[in-house]
Amino acid sequence: MTPNGPIKVIQWGTGNAGRHALRAIIERPDLELVGVHAWSRDKVGRDAADLCGLTTPTGVIATDDIDALLASEADCVSYMGQGESQPTQTLDDLARCLAAGKNVVNTALVFLVDPPSIPASIRDALERACHDGGSTLFTSGIDPGWSGDVLPIALAGASEWVDSIHVTEIMDYSTYPDPDLTGAVFGFGRPLDVEARLFTSGAIEGGWGGMCHLLGRAIGASIDELQVDHERWPAPDTFDTAMGLIEKGTCAGVWFEVRALERGVVRVVAAHVNRLRGDIGPHWPALSEDRSGYRIDVRGTPAYTCEIELHGPSGDHTEGGIIATAMRLVNAIPAVCAAAPGLVSPLDLPLFAGPARPLTDA
Ligand SMILES: NC(=O)c1ccc[n+]([C@@H]2O[C@H](COP(=O)([O-])OP(=O)(O)OC[C@H]3O[C@@H](n4cnc5c(N)ncnc54)[C@H](OP(=O)(O)O)[C@@H]3O)[C@@H](O)[C@H]2O)c1
C-alpha cells in the first residue's frame with residue numbers, strides 16, 4: 001500500500017508461476033491488478049480470475065496489446081514469461097517495460113539475479129532502460145533466488161568466520177507438470193547423449209553463477225573462477241511422471257554443481273539433484289528421509305546445516321516450489337517500487353515477507 005492506495009500491477013505470463021502470482025495480486029489488498037498480458041491465443045480475451053482458478057470476475061481482461069498495457073497507470077509489471085526459450089524477446093520485453101516507467105519483478109532468465117555479474121552488453125541495455133524510465137528491475141525465484149540468497153545470508157549473519165557456503169536443491173521433479181520448460185531444458189526423458197540446453201557450454205554457470213557471485217559478495221569473498229561438473233542418470237525401466245513417460249535408458253536424473261573459487265579455494269557451491277524417482281542416482285546427495293527441498297551448509301564458525309522441506313496446498317513439493325517462486329516476486333513488489341532506479345538484488349532491498357492471512361470471524 002502506498003499513500004495513494006494499492007500498488008497497481010500488470011501480470012505478464014500466467015503459466016506455472018504466473019497464475020499463482022496473478023491469484024495473489026488479485027487477492028492482496030495492498031496490490032491492485034490493472035492488466036494481464038497473455039501470449040497464448042486462447043488466453044487473450046479471458047478474465048484474469050478465469051486464468052488463475054478464481055470464480056469472481058475481476059473485469060481485467062487478458063490482452064496481447066503491449067502498448068495498451070504499458071500506457072496504463074501501472075506501477076509494476078510482474079514478469080513471468082518463459083525466458084529461457086526466447087531470451088532475446090524476454091530481454092526486449094523487460095527493457096520495454098522498464099523504459100515505459102514500470103518497475104519490474106521478474107522470474108525469467110535466472111542469470112539476471114546478480115546484476116554485477118550480468119554480461120556487460122545486457123546489463124548496460126537494462127540499466128539504460130531503468131534510467132530512461134526511472135524504474136527498477138528485481139529478478140529472483142526459489143533457486144536461483146530465495147534458497148541461494150536470503151536463506152544462506154541469514155545463517156551466515158551469525159557466523160564468526162565463513163569458510164564456504166553450499167546450497168543444494170534436492171528435489172524430485174516427477175510431479176513437476178512442466179515438460180516444455182524444465183523437462184526440455186534438463187533433458188528428462190531424452191537419450192543421455194542428447195545435448196539438452198542445460199548441458200550446452202556455459203549454461204549451468206550462466207544460470208547459477210550469478211547466485212554464487214552474489215553469495216561471494218555477501219561474505220566479502222572475491223570470486224575469480226567458476227568450475228562446473230554434471231552427471232545424468234538413465235531410467236532403469238520405463239515409468240510415468242507429470243513430465244510425461246520416461247522410457248528405459250533415457251534421462252531420469254540430473255546432478256550438477258557450480259563451484260565458485262577465490263584464489264583456488266572453494267567459497268560457494270550451488271548444486272542441484274533432480275531425480276524423477278527415489279532410486280535414481282543413488283550416490284547423489286539426499287535429504288533426510290528422502291524429502292524434497294533444499295540443504296544449506298555454511299561451513300565456518302559455527303558451522304550450520306539447514307534442511308528445508310516445502311509443500312503446496314495439495315501437499316506436493318513442486319507445487320510448493322512454484323508458488324514460492326511466484327511469491328518471492330509478488331512479495332517484493334512494495335520494496336522494488338520504493339527502491340532507487342536500476343538493477344537490484346536482495347543485497348539492495350530490505351527484508352520482506354508474505355502477508356498474514358486474514359482472520360475469519362467464525
Ligand atoms: N529461479 C527460479 O527458482 C525459477 C523457478 C521456476 C521458473 N523460473 C523461471 O520463470 C519463468 C517462468 O516459468 P514458468 O514455469 O512459469 O514458465 P511456463 O509456464 O512454461 O511459461 C510461462 C509463460 O510463458 C509464455 N510462453 C510460453 N511459450 C512461449 C513462447 N514460445 N513465446 C512467448 N511466450 C511464451 C506463456 O504465457 P501465457 O501464459 O501468456 O500464454 C506461458 O504461460 C521461466 O523463465 C523460468 O525459467 C525460475
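First listed ligand is number 1; within each ligand, the first listed atom is number 1.
- Salt-bridge annotation for Asp143 and Arg328: absent, with no side-chain N of the basic residue lying under 4.0 Å from a carboxylate O of the acidic one.
- Remark: ligand 1 atoms within the under-4.0 Å shell around heavy atoms of Gly83 are 44 (C), 45 (O).
- Note: His272 and Phe256 have parallel aromatic rings, judged against thresholds of 30 and 60 degrees for the angle between ring planes.
- Under a 4.0 angstrom heavy-atom cut-off, Ala38 registers as being in contact with ligand 1.
- With respect to atom 39 (O) of ligand 1, the closest heavy atom belonging to the protein is Lys43 NZ, 2.7 Å.
- No heavy atom of Gly145 sits closer than 4.0 Å to any atom of ligand 1.
- Distance from atom 12 (C) of ligand 1 to its nearest protein heavy atom, with residue and atom name: Gly81 O, 3.4 Å.
- A parallel orientation is assigned to the rings of Phe188 and Phe186, their planes being inclined by less than 30° (bins at 30° and 60°).
- Between Ser40 and ligand 1, at least one pair of N/O atoms sits closer than 3.5 Å.
- Here the heavy atom of the protein found nearest to atom 32 (N) of ligand 1 is Gln86 OE1, 3.0 Å.
- Thr325 counts as a contact of ligand 1, since one of its heavy atoms falls under 4.0 Å from the ligand.
- Near Gly141, meaning under 4.0 Å from one of its heavy atoms, ligand 1 places the atoms 1 (N), 2 (C), 3 (O).
- A donor and an acceptor atom, one from each side chain of Gln227 and Glu225, are located under 3.5 Å apart.
- Note on ring orientation: taking the six-membered ring where Trp is involved, the planes of Tyr79 and Trp12 are tilted (angle from 30° to 60°).
- The shortest contact between atom 26 (N) of ligand 1 and any protein heavy atom is with Trp39 CE3, 3.5 Å.
- Looking only at protein heavy atoms, the nearest one to atom 17 (O) of ligand 1 is Leu181 CD2, 3.7 Å.
- Listed by atom number, the atoms of ligand 1 under 4.0 Å from Asn16 heavy atoms are 14 (P), 15 (O), 16 (O), 19 (O).
- Ion pairing between Glu309 and Arg291 holds under the 4.0 Å rule for side-chain N and carboxylate O.
- Protein heavy atom in closest approach to atom 1 (N) of ligand 1: Pro144 O, 2.9 Å.
- Qualifying side-chain contact (heavy atoms from CB on, under 4.5 Å) partners for Pro179, counting only residues two or more places apart in sequence or in other chains: none.
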Could you go through residues 124-132 and list every donor-acceptor pair under 3.5 Å that involves a side-chain atom there, pairing it with any protein atom two or more places apart or in another chain?
none

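- Below 3.5 Å of separation, one finds an N or O of Gly15 facing an N or O of ligand 1.
- Remark: ligand 1 atoms within the under-4.0 Å shell around heavy atoms of Ala17 are 16 (O).
- Residue Val110 places no N or O, backbone or side chain, under 3.5 Å from any N or O of ligand 1.
- Each of the following atoms of ligand 1 lies closer than 4.0 Å to a heavy atom of His37: 40 (O).
- Residue-ligand proximity, Met80 to ligand 1, at heavy-atom distances under 4.0 Å covers atoms 12 (C), 22 (C), 23 (C).
- Atom 9 (C) of ligand 1 has its closest protein heavy atom at Thr107 O, 3.3 Å.
- Here the straight-line distance linking atom CH2 of Trp255 with atom CZ of Arg232 works out to 13.5 Å at 0.5 Å rounding.
- Side-chain atoms of Glu231 and His283 form a donor-acceptor pair, as typed in the model, at a separation below 3.5 Å.
- Regarding atom 45 (O) of ligand 1, its nearest protein heavy-atom neighbour is Glu84 OE1, 2.5 Å.
- Distances below 4.0 Å separate heavy atoms of Ala108 from the following atoms of ligand 1: 45 (O).
- Nearest-heavy-atom check against atom 24 (O) of ligand 1 across Arg328, Arg19, Gln82 picks out Gln82.
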